[in-house]
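Reading through the structure tokens given below for one structure.
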Number of protein chains: 2
Amino acid sequence: MGRWEPDAQGRLARAALELYAEQGYEQTTVQDIAERAGVTERTFFRYFADKREVLFDGAHTLERLAVAGVAAAPPGAGPLEAAGAGVVRGCDALADRFQHARTRAGVVAANPGLQERELLKMAALGRAVAAALRDRGTPEPAAALAAEAAVAAFRVGFEAWVAGDGRRGLDDHVRAALAELRALAGG
Amino acid sequence: MGRWEPDAQGRLARAALELYAEQGYEQTTVQDIAERAGVTERTFFRYFADKREVLFDGAHTLERLAVAGVAAAPPGAGPLEAAGAGVVRGCDALADRFQHARTRAGVVAANPGLQERELLKMAALGRAVAAALRDRGTPEPAAALAAEAAVAAFRVGFEAWVAGDGRRGLDDHVRAALAELRALAGG
DNA sequence: GTCTATAGGGCGATAGAC
DNA sequence: GTCTATCGCCCTATAGAC
């Protein structure tokens with residue numbers, strides 16, 4: 001057994017979500033989080049760049065899956081179709097964590113600073129999807145626009161998912177939003 | 001003549017943009033800005049909620065114009081068409097300030113914290129446009145999706161505008177992005 | 001206007017694993 | 001010995017409270 005309990009990062013992330021949900025983001029200090037996780041304040045900043053970032057360490061998985069989903073889309077698929085396949089694939093990153101996603105969404109919705117960070121992650125997702133589209137031959141500005149539109153559908157689908165009871169899957173909601181988007185531009 | 005120079009807010013905003021461009025956002029302290037504007041630090045926070053907000057005081061004008069543009073769209077226009085008319089109208093808020101917009105865009109592009117704030121303003125624009133669409137009868141989720149798509153086109157158009165030499169107007173770039181978006185979903 | 005708590009970065013010390 | 005995780009203490013600027 002080592003000198004320290006293992007998985008300090010995981011304990012910090014869990015402690016932070018709990019405290020943000022219990023007493024609010026602004027009312028929670030980094031020291032509160034560190035104490036609950038059994039480490040010092042300094043260790044928190046070793047794992048997370050700032051107090052917001054602790055809620056967003058899963059963003060990279062979502063991005064990676066979405067990029068893979070775009071790459072795996074059939075060669076004949078158009079840009080919007082491929083981008084849609086990407087964000088639908090990304091749903092796998094969250095699908096089995098409905099309760100966690102819902103709690104987290106509530107915390108984020110209650111604080112503009114956290115919304116900013118979420119938007120930054122969604123923008124990064126959009127850029128990653130756009131790059132994946134360019135890799136399969138989609139030129140700009142079509143790649144950026146298709147990616148942004150697909151991410152918008154993902155966001156709308158995600159909101160519907162956490163607003164519901166979780167019986168309908170996230171991917172189902174996102175697919176519905178994508179269909180609606182096609183209808184809008186086509187009609 | 002009063003006891004203080006007039007337009008402290010304007011001087012602060014100008015001083016901030018200059019300093020952020022000259023020496024970087026992070027290297028600039030609020031005190032630097034206040035000194036150049038000839039006021040105290042305390043006065044800065046009287047006008048701006050935080051160090052980022054000083055770059056975004058024009059956002060409300062853009063939002064107001066966009067909402068008016070949606071409301072003024074012909075009754076027969078579809079959701080995406082009306083949302084597009086909104087963001088095209090919003091271009092009037094920036095059209096005659098190309099140099100200012102370009103400098104500001106460079107500063108924002110160099111700092112993730114400022115990008116976050118910009119994304120928050122774009123999200124607010126999207127919500128305002130969506131609300132204007134609902135006011136003219138568009139149901140959800142079509143209103144949210146059309147608004148997000150139009151704002152994405154605005155952003156793409158804006159980026160092309162500041163990347164260019166300014167001879168083509170912002171509205172022209174945004175209209176082109178909207179056309180591309182329609183083509184994407186329609187094809 | 002002054003006073004203060006918190007965020008967040010820099011740097012070196014320490015204690016184990018290997 | 002090296003490497004890595006953690007701590008401790010110092011510091012400044014932000015931003016809110018009084």
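All chains are named by letter (A, B, ...) in the order of the sequence lines, taking the proteins before the strands, and each is independently numbered beginning at 1.
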Look for any protein N or O under 3.5 Å of an N or O in nucleotides 8-11 of chain D and output each such pair with its distance, or none.
none

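Looking at heavy atoms from C-beta onward, A/F158 lies in side-chain contact with A/L170 at the 4.5 angstrom threshold. Residues A/Q27 and A/Y20 form no side-chain contact, since every pair of their non-hydrogen atoms from C-beta on lies 4.5 Å or further apart. Under the 4.5 Å side-chain criterion, counting only non-hydrogen atoms from C-beta, A/E18 is not in contact with A/I33. In this structure the side chain of B/E22 reaches within 4.5 angstrom of the side chain of B/L19, judged on heavy atoms. Side-chain contact between B/L178 and B/V87: present, with at least one pair of heavy atoms (C-beta onward) separated by less than 4.5 Å. Looking at B/L125 and B/E148, their side chains never come closer than 4.5 Å, going by heavy atoms from C-beta outward.
Atom CH2 in A/W4 sits roughly 9 Å away from atom P in C/dA17 (whole-Å rounding). The distance from atom CG of A/D50 to atom C1' of D/dT14 is 14 Å, rounded to the nearest whole Å. One can place CD of B/E26 at 12 Å from C1' of D/dA13, the figure rounded to the nearest angstrom. The distance between atom CG of B/L114 and atom C1' of D/dT14, rounded to the nearest whole Å, is 15 Å. Following rounding to the nearest Å, B/F45 (CZ) and C/dT2 (C1') show an atom-to-atom distance of 15 Å. In this structure, A/E41 places its CD atom 15 Å from C1' of C/dG10, rounding to the nearest Å. The CG atom of B/N111 sits 13 Å away from the P atom of D/dT14 (whole-angstrom rounding). A/F44 places its CZ atom 15 Å from the P atom of C/dT6, with the value rounded to the nearest Å.
Counting non-hydrogen atoms under 4.0 angstrom, B/T28 reaches the backbone sugars and phosphates but no base.
Closest to the B/K51 side chain, of the nucleotides D/dA15, D/dA5, C/dA7, is D/dA15. Distance from the side chain of A/R3 is smallest for C/dT14 among the nucleotides C/dA7, C/dT14, D/dT14.
Under 4.0 Å is where a charged nitrogen must lie from a carboxylate oxygen, and between B/R36 and B/D32 no such pair does. Salt-bridge check for A/D7 with A/R11: failed, with every basic side-chain N at 4.0 Å or more from each acidic carboxylate O. Under 4.0 Å is where a charged nitrogen must lie from a carboxylate oxygen, and between A/R104 and A/E118 at least one such pair does.
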Hey, can you pull the donor-acceptor pairs under 3.5 Å for the side chains in residues 44-56 of chain A, sequence neighbours left out?
unit_1: A/D50; atom_1: OD1; unit_2: A/R52; atom_2: N; d: 2.9
unit_1: A/D50; atom_1: OD1; unit_2: A/E53; atom_2: N; d: 3.0
unit_1: A/D50; atom_1: OD1; unit_2: A/R117; atom_2: NH1; d: 3.1
unit_1: A/D50; atom_1: OD2; unit_2: A/R117; atom_2: NH1; d: 3.4
unit_1: A/D50; atom_1: OD2; unit_2: A/R117; atom_2: NH2; d: 3.0
unit_1: A/K51; atom_1: NZ; unit_2: A/Y25; atom_2: O; d: 3.1
unit_1: A/K51; atom_1: NZ; unit_2: A/T28; atom_2: O; d: 2.7
unit_1: A/R52; atom_1: NH1; unit_2: A/E116; atom_2: OE1; d: 3.2
unit_1: A/R52; atom_1: NH1; unit_2: B/E116; atom_2: OE1; d: 3.1
unit_1: A/E53; atom_1: OE1; unit_2: A/R117; atom_2: NH1; d: 2.6
unit_1: A/E53; atom_1: OE2; unit_2: A/K121; atom_2: NZ; d: 2.7

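A/Y47 has a side-chain polar atom (N or O) that falls below the 4.0 Å cut-off from OP1 or OP2 of D/dT6.
Of the residues in residues 29-38 of chain A, those placing a heavy atom less than 4.0 Å from an atom of DNA chain C are A/T29, A/V30, in numerical order.
The side chain to side chain contact (heavy atoms under 4.5 Å, CB included) check on A/F98 picks up A/R102, A/W161, with sequence neighbours excluded. Legend: residues meeting side chain to side chain donor-acceptor pair (under 3.5 Å) with A/Q31, ordered by chain and number and at least two apart, are absent.
In the helix from C/dG1-D/dC18 to C/dC18-D/dG1, the terminal helix axes, each the rotation mapping four pairs' C1' atoms onto the next four within five end pairs, subtend 10°, rounded to 10°.
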